[in-house]
Structures are given as structure tokens and as C-alpha cells.
Novice: 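Structure in C-alpha cells, see below.
This chain uses plain numbering: 1 for the first residue, then up along the sequence.
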Amino acid sequence: MARDVAKAQGFFHWELEFAQVFARGGFDLQVGNPPWVRPRWHEDVVLAELEPWFMLAEKPSAAEWRLRKEEALAMRSEGQTFLLNELAAHAGAVSTLASPATYPLIVGTQGDLYRAFMAQVWQHIGLHGSAGLIHPDTHFGGAREGTIRAAAYQHLRIHAHFVNSANWAFEDLNRSAEFGMHIYGTPQEPNFLHLSELRGVEVLPDSLTHDGQDPTPGIKHNGSWDIRPHRQRVVHVNAALLASWQALTVSPGAAAQTPLLYPVLVGEQGAIEALAAHSGSLADYSPMITRGYDEAGAKKNGLIRWGNQAVPELADVILQGPHFASTLPFSKEPRIPCRSNRDWDLLALSRLPETYVPVTNYVRATDKATYLSDQESWLGKPFTTYFRLAWRVMIPFDSSRCLHAALIPPGPAHIHGVHSMAMPTNRATVLNAGFWGALPLDYLLRITGRANLMTGEALKMPAPAPKHPLAPALLLRALRLNALTTHYAPLWTELFDPRWAGYEDWANPHWQRLKPLAADLKPAWEYSTPLRTEHERRAAQVELDALVAVWLGITADQLAAIFKSRYPQLYDYESATYFDANGRKIAADFNTYGHGQTKQDYLDLLAHLEDPDRIPPPEGYQAPFYKADREAEMRAAHEHFQARLDAEIAAGRWTPPVREAAQA
């Protein structure tokens, strides 16, 4: 019976088949590509062996499915036996993978077959043996995978993380699919070489032997995926490095179980350590956080309904993620009718009414008292009565920015795909809005692989100290980027600092053509209070990136490294972006066109730049043109803010907090 079951189910008795190998300790060499399969019961696939309808039918009803299933099992005498045998085999496989006796390392985790093969291979390695496997990396993340992760770190010698871009590796695999090449040995203290974001075979061995003399690569190069080898790609992972990563991720358990990070270059480690060493997280300031209305539950309970309409007041708006973007509370509004997330239009801030209220897809479905009574109460008031920092919960890593957070005024509610928070003071809320709008915190989410930023993870985010010397500069930029309408007038008046005019201006000398940053600002909000031109807003955004980097202790070189290694889309967009004398943007990539721009406008601009004396600028644009250069701009702004901070420290007006180094 044992032989029959083994033959039917594919059991392989390693110790019996290779007794002579195990008699001397195990295999010298093992190579393979184990199945990348998580056992799941797909009844439609099984039943399709009896009747193809189960795979061909499009969204059949439950009643029709049940009837067809009864007919298929009744028509063929062996049908029921076949179905039960398949179900028994599936249940047996799941039970085996969950067995603490057979696979103790993967108990409580996803029972993926590759993990079982991986654990089996480790058991079979001889005293001086090696193993090479190609399989996914899902065990390097996840809250329950600590045990198998620690074991993997002990066995690893080389880990190379690949992305299947343009199907270079596997034709039958998704182009965004990720997998790893793993060289394993016998257990030891964690000590292995780690390479990330590879999109070619030769980049791995060539990077291991590279002399380090060439320019460092990134993710993109000359418009294509960067497959240039370099020594800087090779990150040496040991116990000390895992400890620093644990400090960044604030992950529970031992440092040896820390989730794996994926820095593209060694130079990113300095930024990682600076982020990990920052003293003060959001949780230290006791923010009030809400997930708003549960979309399905609120509709079911009659609190909200699909409306897709213009509404008279901001209090009638129910925000969705596309409504806002990074440091931009009014980014898009849905069309009428709106059928999908593609049916949204970008807003031109230079033409935005001062009392603007966006079109909303969801509206209140009950009386106002009932609607408000269901909202979370903060200090006895509905959360919609506060100025809040709102953010999109989903973190898309394949975009130019993945953390979309903006300051929203009192009034709007939101569904649970958006979360919002208020700090104990409005000043603290705005300072955090500035922090969350900067590239270093965006990078934090990318490097830690957080697909969703829920309340628990949000509380771990670095938070700004209210009395930091750079707080006034951060406050001014955050307010001028976010306070777009009269709804922000009370906040502007409350936080206005008359000293801005004396010492705040653009940090970057490249932007001399822009109107001075703090010129003509008054305590009362005016239409000119917020930054509205595309050039001004981008300038303030770049300066936020540099300012927060200085605040966190990230050097200019480290800031440049994370930009080049982790922001391929942003790098591509800005390598072909210009601004005219009036602050209008004109770009090559349609994903980042300026307001009102066409493809022909960019072509006409290139012709003008090639022969400015004979060919006029594109219609509607005015020379001279300024070309974006984010790395140079961030370095210049970083130098300015670093000098300001150093001067405060030298004068004894600021003592930097003690940064605790991670311990192995």
C-alpha cells in the first residue's frame, strides 16, 4: 500500500533511493527550480476534466453551478470517485505541508511547495555541499515567516533578486513577477551577498567580480532597464546589518528573523541607518487616526450611496484616493458619469476656484445627524471637524511616488481606502504633512515593502520634533503646497509666522527666476497664498525632499543614491521636463504632461531649443525655458538646509538628539 500511494502521489523516499549519499552526510551539489505553487482547491479546474463548461462559463450563478455539478457527477459513473480522489489528494498535500513533524519551518505560513522543497534541500546538504535554487522570495517578508526566514539567512551564501521585466527570464511569467536565485550551504551565522532588482543574467556574476570603478547604476539607464554590473550592487548581509534593518522595520522577534530589504546599491545603507536611528515616531505624539467609512458596510447601512455628482459644500464630499496626491489635496475629480478610476480629470491649480468643492462619487444617504453620529469622535467632535493629514492606504511601488498624502480641511469624510489623522495641534499636523510629502519617507515605504499603510504601520513612521530649527522652513513649504482654497484660511492665519519674510526664501539658487518664497505673504489667506504654478510647486517639493533628508541625517550623496536607485519613473520623467518663464511645465512623457500640454508642444520645444533665433517657442509658452535636474537641485537645497542646521548647532541653539546605533 505504501508503494502504491507513493507512486500515485509522487512521494520520493530520498534516504532509501540515495542511501549511499546520506551515509556520507548528504549531497555535494543540488540544483533545481522547484514548483512555485501554493496548493489551493480549484473545483472549476477539477470539474472541467469531466465537463469543459466549468472553465468556459462566464460568471455563472450559484444555482446554475450546483445544477451543472450534479449533472456532471451523475452522468459519468466515475465522476464522483474522480472528484473525491482529487479532493483527498489536495487535502493530503495541504496536511503534509502543515505537518510540524515533516516541515517544522513552514508551520503556520503559506504552504507553498517551493518552501517545502527549499527546506528539504537544506536537510540534504552535505558537510561541504552547496545548493542552487530558483524560486520566489515570499518567505523574506510576512509576520509569520520569521522561523523559515532565519533558517534561510543561515543557509544563504548568495541571494540575487530578479524582476521578469519584458519577459527576459520567463515567457510564461508576469512581467512584474519577482523571483530569486539562491546559493545555499550548511548553517552558519548570517553572512551572504545580496543583489536586488536585477533584470539580466550576466549582471550577477559580473557585479561579483566588478572593480567598482565605473559610474554606479540605478534601475533605469538611458530609457531602458539598467543591467550594468557594479560592485556597489553587492550588499554584504550579516547579523549587524540585519539588526539595523530590524530597527528600521520595527519588526518583532530576533534580529535574525528581520524581513529582508532590497537596496539596489550599497550607498543606500546610510539612508536606511539614518531612518532607523531617527528618534521620535508618530506614535510618540498620540495622533488621532480614522479609517473613515467602510465602503461596503456604510453602503449596506444606508449611510452613503453612489452619487457621482457635484455637491454644494465640502462637508458633502466623501474622498477617494484619486481625489488627492502627494502634497496636493485637490489633484483630480471624477467625471460625470464615472465608471472607473480612469474616468478622472486632472485639476489646473492656476484656475482652481478659491471656494472649490470637488465632484464626489459617494454622497450622504441619510440625514446629517445620523451621518455624523456614525463618524469616529475625537475629543467629543466628529473627525471631519479637524484639519487632517489624509493618505492613500495602498502603496504602489511602480509609480513616481508611492506615498500619497495631503493636508485636508474640515468637512470631507472618506472611505476606508483613505485614512486620515490629526495631531494634538494643527502645527504638528502640518509639520507631519511636510514630512509625509518628502522623498525620504516615500523611500522608507519602498525599501520596507509595505503594500498598504494601515494604522499600525503609520504609527511607526518618523515624526518631526516641533521645535526643530528647520520646522519653520518645513511649515512654510507644507502650507503653501497644501492650502489651496479658502477652506484653509483659518489654518493659515493660525500658523502664519511674520518672521518668514525676513529669513525664508528658496534654498536653491537655480530658481532665481521664481518669485521669492515668502514675499508679500499676509496673515490673511489670499488666492496668491498657495503655490499654483507647476514650476513653483515642483521647486517646493524638491526642497521638502532635501529639507527632510537633512532633518533625518541623510547626506546629499545618500539622497542622490536613493533617488537614482529607487525612482526610475521619476528619473525618466524629469530627464525630459522643462518649465517656461511663466512656470508652465512641458514634458516628453504623456504621464507627466503639464496642464494643457500636447505631444506636439514638446516636439516644438525641442525644435525651438535647437534653433531659438529662428524657431519660436510652442504656442502658449514663453521663453526662456528651465530644464529640470533633480539631483543637482536636491544637492543645492541640501547644502542650504545643512548649513542652516549646522549654524544653529554651532550657536548652541539646538542639540541634536542622540542616535542609538542598532545592536546585533
Side-chain angles (χ1 to χ4, degrees), residues 109-110 136-146 149 161 163 176-178 180 194 196-197 219 241-242 244-253 255 257-264 268-269 271-278 280-284 287 289-292 321 324-327 389-406 414 416-421 432-433 435-463 545 548-549 552 554 562-563 565-570 662:
T109 74
Q110 293 183 2
D137 283 353
T138 60
H139 59 291
F140 286 134
R144 300 180 179 179
E145 279 74 7
R149 194 157 47 236
H161 164 253
V163 184
S176 62
E178 303 175 12
H194 173 44
S196 302
E197 296 283 345
I219 294 182
L241 189 65
L242 289 175
S244 75
W245 288 359
Q246 184 185 38
L248 179 66
T249 58
V250 198
S251 53
Q257 297 183 352
T258 300
L260 188 69
L261 303 188
Y262 292 84
V264 175
E268 293 179 53
Q269 180 58 24
I272 292 172
E273 291 178 354
L275 285 164
H278 176 71
S281 67
L282 197 64
D284 297 333
I289 301 179
T290 180
R291 65 195 297 269
F324 60 91
S326 179
T327 68
L389 173 60
W391 72 91
R392 300 184 199 173
V393 170
M394 186 176 294
I395 305 298
F397 298 126
D398 57 350
S399 59
S400 57
R401 292 271 178 163
C402 70
L403 175 56
H404 291 278
H414 52 79
H416 69 276
V418 172
H419 284 18
S420 66
M421 70 174 176
N432 277 277
F435 247 51
W436 284 45
L439 187 140
L441 267 69
D442 189 283
Y443 171 76
L444 171 61
L445 298 183
R446 290 176 188 255
I447 196 67
T448 53
R450 297 174 186 171
N452 293 286
L453 186 58
M454 309 299 286
T455 299
E457 295 300 316
L459 291 172
K460 301 176 185 177
M461 296 283 275
D545 296 342
V548 174
L552 294 170
I554 297 173
I562 64 178
F563 165 59
S565 64
R566 282 288 163 180
Y567 293 85
Q569 274 197 349
L570 186 60

Novice: Which distance, rounded to the nearest 0.5 Å, do you find between the CD1 of I395 and the CD of E457?
Specialist: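 That separation rounds to 10.5 Å.
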Novice: Is there a donor-acceptor pair closer than 3.5 Å between any side-chain N or O of R392 and the backbone N or O of H404?
Specialist: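 Here the side-chain-to-backbone pair does not exist.
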Novice: Can you name the nearest heavy-atom pair linking A406 to A325, along with the distance?
Specialist: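 In this case the closest contact between A406 and A325 is CB-O, 3.5 Å.
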Novice: Could you check whether the rings of H194 and W245 sit parallel, tilted or perpendicular, using 30° and 60° as the cut-offs?
Specialist: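 Perpendicular.
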Novice: Taking all non-hydrogen atoms of both residues into account, name the closest pair between T327 and G437 and its distance.
Specialist: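 Scanning both residues completely, I find the closest heavy atoms to be CG2-CA, 3.6 Å.
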Novice: Taking the side chain as every heavy atom from C-beta outward, state whether Y443 and D545 have any pair of such atoms under 4.5 Å apart.
Specialist: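 Side chain of Y443 against side chain of D545, heavy atoms only: no contact under 4.5 Å found.
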Novice: Considering all heavy atoms of both residues, which atom of R401 and which atom of S399 are nearest to each other, and what is their separation?
Specialist: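 Closest pair (atom of R401, atom of S399, distance): O-OG, 2.6 Å.
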Novice: Can you name the side-chain hydrogen bond (donor to acceptor under 3.5 Å, both in side chains) partners of T258, sequence neighbours left out?
Specialist: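 side-chain hydrogen bond (donor to acceptor under 3.5 Å, both in side chains) list for T258, sorted by chain: empty.
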Novice: Using the test side-chain contact (heavy atoms from CB on, under 4.5 Å), find all partners of P287 that sit at least two apart in sequence or belong to another chain.
Specialist: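 P287: side-chain contact (heavy atoms from CB on, under 4.5 Å) contacts with L282, I289, M421, M423, L459.
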Novice: If every non-hydrogen atom of Y567 is compared with every non-hydrogen atom of I562, which pair is closest and at what distance?
Specialist: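 Smallest interatomic distance, heavy atoms only, reads CD1-O, 3.4 Å.
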Novice: Would a distance-only check, ignoring hydrogens and angles, find a side-chain to backbone donor-acceptor pair under 3.5 Å from Q246 to S251?
Specialist: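 Between the backbone of S251 and the side chain of Q246 there is a qualifying donor-acceptor contact (under 3.5 Å).
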Novice: Find the distance between CH2 (W391) and CE (M461) and round it off to the nearest 0.5 Å.
Specialist: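 One finds 9.0 Å between CH2 of W391 and CE of M461.
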Novice: Which distance, rounded to the nearest 0.5 Å, do you find between the NE2 of H278 and the CG of L248?
Specialist: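 Result: 12.0 Å between the selected atoms.
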Novice: Compare every heavy atom of C402 with every heavy atom of R446, then report the nearest pair and how far apart it is.
Specialist: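 Where R446 meets C402 most closely, the heavy atoms are NH2-N, 3.5 Å.
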Novice: Which heavy atom in D442 sits nearest to a heavy atom in L403, and how many Å separate them?
Specialist: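 Heavy atoms of D442 and L403 come nearest at OD2-N, 2.9 Å.
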Novice: Do Q269 and S244 meet the criterion of a side-chain donor-acceptor pair at a distance under 3.5 Å?
Specialist: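 Present: a donor and an acceptor within the cut-off.
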Novice: Got a sec, which residues hit side-chain hydrogen bond (donor to acceptor under 3.5 Å, both in side chains) with H419, two or more places apart in sequence or on another chain?
Specialist: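 Checked H419 against side-chain hydrogen bond (donor to acceptor under 3.5 Å, both in side chains); zero matches.
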Novice: Could you state the interatomic distance from CH2 (W436) to CG (L445), rounded to the nearest 0.5 Å?
Specialist: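 These two atoms lie 8.0 Å from each other.
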Novice: Which value, rounded to the nearest 0.5 Å, describes the distance between I554 atom CD1 and L275 atom CG?
Specialist: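 These two atoms lie 4.5 Å from each other.
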Novice: Rounded at 0.5 Å granularity, tell me how far OG1 in T249 sits from CD1 in I447.
Specialist: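 Rounded to the nearest 0.5 Å, the OG1-CD1 separation comes out at 11.0 Å.
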Novice: So, R149 side chain and L260 main chain: donor-acceptor pair closer than 3.5 Å or not?
Specialist: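 No, the answer is negative, given that no donor and acceptor are paired below the 3.5 Å cut-off.
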Novice: Taking E145 for the side chain and H139 for the main chain, is one N or O donor matched with an acceptor at less than 3.5 Å?
Specialist: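 Absent.
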Novice: Are L242 and Q257 packed together at the side-chain level, in the sense that at least one heavy-atom pair is separated by less than 4.5 angstrom?
Specialist: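 The answer is no, as the side chains (C-beta and beyond) never meet within the 4.5 Å cut-off.
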